[in-house]
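Beneath this line is the structure, given in structure tokens, with notes to follow.
Computed over heavy atoms, backbone and side chain alike; hydrogens, waters and symmetry mates excluded.
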Amino acid sequence: MRRVTVVTGTRADYGLLRWTMAGIQAHPELELCLIVTGSHLSTDFGSTHTAISADGFRIDETVPILSDTDSPLGAARSTGLATAGIAEALDRLRPDIVLVLGDRCEILAAAQAALLLGIPVAHIGGGEVTEGAVDDSLRHATTKMSHLHFTAAAEYRDRVIQLGEDPDRVFLVGAVGLDNLDLLDLLNEQVLARDLGVELTHPLALCTFHPETLADQTPREALAPLFEVLQAESDLQVIVTKANADAGGREINRLLEEFVALHPQRMALFASLGQLRYLSLLTVADLVIGNSSSGILEAPSAGTPTVNIGDRQKGRLRAPSVIDVPNETPAIRAGIARALSERFRQQAAARVSPFGVPGAARVIVDVLATVDLATLRTKRFHTITKGDTHD
């Protein structure tokens with residue numbers, strides 16, 4: 001029996017990992033172990049570890065890491081705590097391979113801990129670019145500490161190979177988030193409204209705004225243009241989800257609480273919706289607003305227009321249903337008007353996406369079950385020569 005330990009630190013990465021975890025759990029030759037850390041364990045961010053247990057997964061280890069300081073120093077301290085705590089958890093669990101997703105500090109810490117313990121690392125989501133966030137560097141660093149790579153697009157696979165990774169260990173699987181749209185039994189609008197305790201009206205927007213960690217702005221300055229637009233869009237109902245645990249996340253959430261409280265008739269704020277409710281909202285909403293990766297990755301496959309604000313997602317591949325706007329009041333207002341236009345809604349309804357089709361989890365599980373672990377621990381640097389096709 002091959003033991004696979006999955007590390008999850010946020011509601012977002014768990015939502016993307018869920019079907020891969022279910023596949024590992026169901027596989028006759030694999031054993032799933034689970035380390036839960038980061039914002040999952042914080043009441044400030046919704047205590048989302050409860051959703052993991054509710055989905056039927058056993059949590060084997062918890063590693064509290066969040067600092068009380070909502071600052072870059074706090075994030076650096078959390079990374080150190082995560083490296084030490086996850087290393088100790090891995091030493092107890094003794095997995096054959098560690099699976100991580102994405103680009104957060106606790107994921108970098110997990111990869112570092114596993115590498116130093118001599119445990120191979122499999123990484124989902126390498127090769128992507130997000131120029132507006134420190135996550136960009138964390139993602140590439142995680143790639144270099146990993147032994148298997150599962151990428152969402154051909155361009156991303158090429159970039160992982162460009163970083164020196166062996167092409168035979170870099171798999172093009174598509175975006176893992178698309179499995180949720182395919183496999184979850186999404187709620188219809190009436191059931192969703194009852195579940196949320198909110199009467200849903202149209203036009204309806206789903207809004208998430210995370211810190212842009214490389215921008216030279218305070219959270220208040222970053223949110224001001226969005227607030228000005230939402231204040232003026234009096235016909236728009238807005239369901240807002242809180243920011244993640246990046247530096248500045250708590251301050252953004254405090255400001256969101258204050259703003260939404262001023263508009264109780266047409267706005268509602270949730271610390272975490274969970275994947276079922278979030279994706280159900282994504283499919284019934286008229287548009288997505290903010291700077292969440294879900295607006296880039298999942299919304300196009302749901303047929304929902306996205307108004308993507310600022311540079312946090314700069315560098316990712318784009319579907320034609322994504323409208324990029326600078327973080328300025330006139331641009332955001334114009335972006336919303338365009339997204340709500342009949343012509344653009346028809347364009348989004350075509351569901352064109354550069355991230356493939358559902359099925360990533362199945363491929364990932366198959367690779368984890370069959371890869372030769374004996375040779376996996378040794379990495380060689382792949383040097384690209386003229387004429388390489390990476391096939």
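With a 6.0 Å radius and a threshold of 12 heavy atoms from other residues, nucleotides or ligands, Glu258 has its CD atom above the threshold. Atom CG of Asp372 sits in a crowded spot, with more than 12 heavy atoms from other residues, nucleotides or ligands closer than 6.0 Å.
A donor-acceptor pair shorter than 3.5 Å cannot be found between the side chains of Glu165 and His123. The closest side-chain donor-acceptor pair between Gln313 and Thr130, if any, does not fall under 3.5 angstrom. There is a side-chain donor-acceptor pair under 3.5 Å between Tyr278 and Ser294.
From Leu41, atom CG reaches atom CD1 of Ile65 across 8.5 Å, with rounding to the nearest 0.5 Å. Distance check, rounded to the nearest 0.5 Å: CG of Leu236 to NE2 of His202 gives 11.0 Å. Leu282 CG to Leu186 CG: the interatomic distance, rounded to the nearest 0.5 Å, is 9.0 Å. Taking CG of Leu230 as the reference point, atom SG of Cys207 lies at 6.0 Å (rounded to 0.5 Å). Rounded to the nearest 0.5 Å, atoms CG (Leu192) and CD1 (Ile239) are 8.5 Å apart. Going from atom CZ of Arg277 over to atom CG of Leu206 covers 12.0 Å, rounded to the nearest 0.5 Å.
Residues Tyr14 and Asp55 are in side-chain contact: their nearest non-hydrogen atoms beyond the backbone lie under 4.5 Å apart. Thr142 is not listed as a side-chain neighbour of Asp103, based on a closest heavy-atom distance of 4.5 Å or more. A 4.5 Å side-chain heavy-atom check between Val367 and Ile364 finds every atom pair outside the cut-off. Using a 4.5 Å heavy-atom threshold, the side chains of Asp158 and Glu155 count as separate. In this structure, the side chains of Thr37 and Thr8 stay at 4.5 Å or more apart for every pair of heavy atoms. With contacts defined as side-chain heavy-atom distances shorter than 4.5 Å, the pair Arg11/Thr241 qualifies. Residues Arg157 and Pro167 form a side-chain contact, since some pair of their non-hydrogen atoms from C-beta on lies under 4.5 Å apart. When side chains are defined from C-beta on, Phe57 does not count as touching Val6, because their heavy atoms never get closer than 4.5 Å.
Using a distance-only test at 3.5 Å, with no hydrogens or angles considered, a donor-acceptor pair links the side chain of Arg377 to the main chain of Gly118. The backbone N or O of Thr375 sits nowhere less than 3.5 Å from a side-chain atom of Thr378 that would complete a donor-acceptor pair. In terms of modelled atom types and a separation under 3.5 Å, the side chain of Glu199 and the main chain of Ala193 share no donor-acceptor contact. Side-chain N or O atoms of Thr79 include one that pairs as donor or acceptor with a backbone N or O of Ala75 at under 3.5 Å. In this structure, the side chain of Asp179 engages the main chain of Ala361 through a donor-acceptor pair within 3.5 Å. Between the side chain of Ser321 and the backbone N or O of Ala348 there is no donor-acceptor pair closer than 3.5 Å. With Arg58 contributing its side chain and Leu34 its backbone, the two residues share no donor-acceptor pair below 3.5 Å. Under a 3.5 Å cut-off, the side chain of Asn188 and the backbone N or O of Val191 do form a donor-acceptor pair. Lys379 contributes no side-chain N or O that, together with a main-chain N or O of His147, makes up a donor-acceptor pair within less than 3.5 Å. Side chain of Thr306 to main chain of Gly295: a donor-acceptor pair is present (N/O by atom type, distance under 3.5 Å, no hydrogens or angles).
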Problem set entry | Arg316/Asn308 under side chain to side chain contact (heavy atoms under 4.5 Å, CB included): CA gap, chis, key distance, verdict | CA-CA 12 Å; Arg316 288 193 193 272; Asn308 178 63; over 6 Å; no
Problem set entry | side chain to side chain donor-acceptor pair (under 3.5 Å) assessment of Glu228 paired with Thr329 | CA-CA 7 Å; Glu228 186 173 347; Thr329 300; 3.2 Å; yes
For this session: Please assess Ile124 against Leu99 for the test side chain to side chain contact (heavy atoms under 4.5 Å, CB included), listing each intermediate value before the final yes or no.
Result: CA-CA 8 Å; Ile124 301 171; Leu99 178 65; 3.9 Å; yes
For this session: List the steps and the verdict of side chain to side chain contact (heavy atoms under 4.5 Å, CB included) for Val129 and Arg159.
Result: CA-CA 10 Å; Val129 172; Arg159 192 172 286 127; 3.3 Å; yes
For this session: Could you go through the side chain to side chain donor-acceptor pair (under 3.5 Å) check for Ser47 and His40 one step at a time?
Result: CA-CA 5 Å; Ser47 298; His40 280 307; over 6 Å; no
For this session: Could you give me the CA-CA distance, side-chain angles and deciding distance for Thr143 and His149, then say whether side chain to side chain contact (heavy atoms under 4.5 Å, CB included) is met?
Result: CA-CA 8 Å; Thr143 289; His149 310 273; 3.8 Å; yes
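In this structure, Val240 is a member of the same hydrophobic cluster as Ile332, with clusters built from ILVMFWY side-chain heavy atoms closer than 4.5 Å. Cluster annotation: Ile161 is not connected to Phe150 through the hydrophobic network of ILVMFWY side chains, with a link wherever side-chain heavy atoms come within less than 4.5 Å. Cluster annotation: Val121 and Val63 are assigned to the same hydrophobic cluster (Ile/Leu/Val/Met/Phe/Trp/Tyr, side-chain heavy-atom contacts under 4.5 Å, transitive). Cluster membership for Leu81 and Val36, using ILVMFWY side-chain heavy atoms within less than 4.5 angstrom, is not shared. In the hydrophobic clustering of ILVMFWY residues, with side-chain heavy atoms under 4.5 Å counting as a link, Leu297 and Phe209 come out apart.
Ionic pairing of Arg254 and Glu257 is not present here: no N-O contact between side-chain nitrogen and carboxylate oxygen is shorter than 4.0 angstrom. Salt bridge annotation for Asp135-Arg104: absent, with no cationic side-chain nitrogen under 4.0 angstrom from a carboxylate oxygen. Salt-bridge check for Arg318 with Asp324: passed, with a basic side-chain N closer than 4.0 Å to an acidic carboxylate O. Taking a cutoff of 4.0 Å between a charged side-chain nitrogen and a carboxylate oxygen, Arg92 and Glu61 qualify as a salt bridge.
Counting all heavy atoms, side chain and backbone alike, Asp60 lies closest to Leu32 at OD2-O, 4.2 Å. Nearest approach of Val325 to Gly335, heavy atoms of both residues: CG1-CA, 4.2 Å. Scanning both residues, Thr83 and Ala109, for their nearest heavy atoms gives OG1-CB, 3.3 Å. Between Asn327 and Ala222, the closest heavy-atom pair is ND2-O, 2.9 Å. Nearest heavy-atom pair, Thr201 versus Leu204, reported as atom, atom and distance to 0.1 Å: O-CB, 3.3 Å. When all heavy atoms are compared, the tightest approach of Ala243 to Gly249 is CB-O, 4.2 Å.
None of Ile97, Ile119, Leu90 except one satisfies the side chain to side chain contact (heavy atoms under 4.5 Å, CB included) rule with Thr5; the exception is Leu90. Screening Leu108, Leu116, Val100 for a side chain to side chain contact (heavy atoms under 4.5 Å, CB included) with Met145, the sole residue that qualifies is Leu108.
Residue pairs satisfying the salt bridge (charged side-chain N to carboxylate O under 4.0 Å, His left out) criterion with at least one member in residues 340-361, sequence neighbours excluded, are listed as follows: Asp286-Arg345.
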